[in-house]
Trainee: 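The structure follows.
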Amino acid sequence: MEVGQYVYFALKSERMSAEEMATRLGLEADEITIRAGKRLEPPRPAVHIWQINVPRSSLLVDDMIAALVDRLEPYAQAIGALADELDRHEPGHTAVLQVVRFFGDDDENSEEERTTEASTRPRPLGWHLDRRVLDFLQTTRAELDVDEYGDTL
């Protein structure tokens, strides 16, 4: 089974720009989204987004999340304070740790290719969050959102 995956952490706001979030946190985003940058009515995107990414890779999801937490942990208190402020003034969910996984069929590959790739591909099922990650989520007031796509498991 072919697995593609990526992980990111995001702060979202209808009112505060991603640039302002970066200034407040002292950390530039890897990626930003500007509210209504594509369409004004109805606004699309609907929110500003400040985002830190872990790109697609062959790492296990656990390791991708750990790498993200390694990078953001020094800013956890500031992220939590900003998320708390945004939560007080806006409805919805402002801080999120997002995990996205795509499951696909690898029938087109030969047995040799599947065997070689198996050692470099992420394991298709099962991952966990350790206490450190749970503490980070609590400190940053973040939700965990996991999206999994595909038609084979």
Side-chain angles (χ1 to χ4, degrees), residues 1-35 37 43-106 114-153:
M1 177 183 313
E2 194 68 30
V3 180
Q5 58 194 16
Y6 62 93
V7 173
Y8 66 84
F9 185 91
L11 287 172
K12 302 173 183 183
S13 174
E14 290 181 5
R15 302 174 348 158
M16 186 181 292
S17 71
E19 184 176 275
E20 174 67 15
M21 291 182 224
T23 300
R24 298 271 299 271
L25 296 173
L27 179 63
E28 289 299 317
D30 294 334
E31 186 175 326
I32 65 165
T33 299
I34 299 171
R35 181 176 194 261
R44 296 285 183 261
V47 293
H48 299 287
I49 302 173
W50 172 93
Q51 184 171 314
I52 300 295
N53 301 319
V54 175
R56 293 176 190 230
S57 77
S58 62
L59 290 175
L60 301 174
V61 169
D62 316 53
D63 294 336
M64 294 173 80
I65 293 170
L68 188 64
V69 171
D70 287 346
R71 185 169 170 202
L72 290 174
E73 204 164 35
Y75 303 93
Q77 293 292 332
I79 292 169
L82 182 55
D84 183 51
E85 179 184 332
L86 294 172
D87 286 343
R88 283 193 311 256
H89 300 288
E90 300 181 37
H93 315 287
T94 57
V96 64
L97 173 62
Q98 183 74 51
V99 177
V100 180
R101 296 178 18 122
F102 303 91
F103 299 93
D105 191 3
D106 62 358
R114 284 194 299 271
T115 303
T116 302
E117 291 174 356
S119 62
T120 60
R121 287 191 309 208
R123 68 177 181 248
L125 302 174
W127 51 278
H128 78 284
L129 302 176
D130 61 21
R131 172 57 46 202
R132 177 176 165 247
V133 173
L134 295 174
D135 289 345
F136 172 80
L137 291 173
Q138 183 173 359
T139 300
T140 59
R141 301 181 52 83
E143 295 182 350
L144 174 64
D145 185 4
V146 179
D147 293 339
E148 295 186 332
Y149 303 99
D151 49 19
T152 59
L153 284 180

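In this chain, numbering begins with 1 at the start of the sequence shown.
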Trainee: Listing request: all side-chain hydrogen bond (donor to acceptor under 3.5 Å, both in side chains) pairs with a residue in residues 25-34, at least two apart in sequence or in separate chains.
Mentor: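 Qualifying pairs, neighbours excluded: Asp30-Arg71, Glu31-Asn53.
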Trainee: In Å and rounded to the nearest 0.5 Å, what is the OG to CD1 distance from Ser17 to Ile32?
Mentor: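 Spacing of OG (Ser17) from CD1 (Ile32) equals 8.0 Å.
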Trainee: Can you tell me how far apart NZ (Lys12) and CD (Gln51) are? Round to the nearest 0.5 Å.
Mentor: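 Lys12 NZ to Gln51 CD: 8.0 Å, rounded to 0.5 Å.
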Trainee: For Ile34, is the CD1 atom crowded, meaning more than 12 foreign heavy atoms sit under 6.0 Å from it?
Mentor: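 Not more than 12 within 6.0 Å, no.
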Trainee: With rounding to the nearest 0.5 angstrom, report the CG to OG1 distance, Leu11 to Thr140.
Mentor: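 Interatomic distance, Leu11 CG to Thr140 OG1, rounded to 0.5 Å: 8.0 Å.
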Trainee: Quick one: CZ on Arg35 to CZ on Arg15, what's the gap to the nearest 0.5 Å?
Mentor: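 Between atom CZ of Arg35 and atom CZ of Arg15 there are 11.0 Å.
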Trainee: Check this for me: Glu20, atom CD, are more than 12 non-hydrogen atoms of other residues, nucleotides or ligands nearer than 6.0 Å?
Mentor: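 Counting other residues, nucleotides and ligands, CD of Glu20 exceeds 12 neighbours.
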Trainee: Side-chain contact, heavy-atom cut-off 4.5 Å: Asp147 with Asp145?
Mentor: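 The answer is yes; the side chains approach within 4.5 Å.
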Trainee: Can you check whether Leu59's main-chain N or O pairs, donor with acceptor, with Gln5's side chain at less than 3.5 Å?
Mentor: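 Yes, the answer is positive, given that a donor and an acceptor are paired below the 3.5 Å cut-off.
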Trainee: Are Leu144 and Val99 packed together at the side-chain level, in the sense that at least one heavy-atom pair is separated by less than 4.5 angstrom?
Mentor: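 Touching, per the 4.5 Å side-chain cut-off.
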Trainee: Using side-chain contact (heavy atoms from CB on, under 4.5 Å) as the criterion, point out the one residue from Leu25, Leu97, Ile52 that pairs with Leu72.
Mentor: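 For Leu72, the side-chain contact (heavy atoms from CB on, under 4.5 Å) test succeeds with only one of Leu25, Leu97, Ile52, which is Ile52.
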Trainee: What's the shortest heavy-atom distance between Pro55 and Tyr6, and which atoms?
Mentor: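 Between these two residues, the closest heavy atoms are C-CB, 4.3 Å.
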Trainee: Is there a side-chain contact between Leu86 and Ser13 in this structure, where contact means two heavy atoms from C-beta onward sitting under 4.5 Å apart?
Mentor: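 SC-SC contact between Leu86 and Ser13 confirmed.
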Trainee: Give the C-alpha distance, both sets of side-chain angles, the deciding distance and a yes or no for side chain to side chain contact (heavy atoms under 4.5 Å, CB included) between Glu143 and Leu137.
Mentor: CA-CA 7 Å; Glu143 295 182 350; Leu137 291 173; over 6 Å; no
Trainee: So that I know where these two stand, are Phe136 and Phe9 an aromatic pair - ring centroids less than 6.0 Å apart?
Mentor: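 That pair passes the under 6.0 Å test.
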Trainee: Side-chain contact, heavy-atom cut-off 4.5 Å: Tyr8 with Ile49?
Mentor: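 No, their side chains stay 4.5 Å or more apart.
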Trainee: Restricting to pairs with a member in residues 76-89, which pass side-chain hydrogen bond (donor to acceptor under 3.5 Å, both in side chains), not counting sequence neighbours?
Mentor: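 Those involving residues 76-89 are Arg24-Glu85, Asp84-Arg88, Asp87-Thr94, Asp87-Arg141.
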Trainee: Checking Phe102 now: which residues fulfil ring pair (Phe, Tyr, Trp, His ring centres under 6.0 Å) with it, not counting sequence neighbours?
Mentor: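 Once residues adjacent in sequence are excluded, the partners of Phe102 under the ring pair (Phe, Tyr, Trp, His ring centres under 6.0 Å) criterion are Tyr149.
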Trainee: First locate atom CD1 of Ile65, then atom CD of Gln98, and finally report the distance between them rounded to the nearest 0.5 Å.
Mentor: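 Rounded to the nearest 0.5 Å, the CD1-CD separation comes to 10.5 Å.
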Trainee: How many angstroms lie between CE in Met21 and CD1 in Ile79, if you round to the nearest 0.5 Å?
Mentor: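 That separation rounds to 11.5 Å.
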Trainee: Is there a side-chain contact between Phe103 and Arg101 (heavy atoms, below 4.5 Å)?
Mentor: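 Phe103 vs Arg101: side chains touch.
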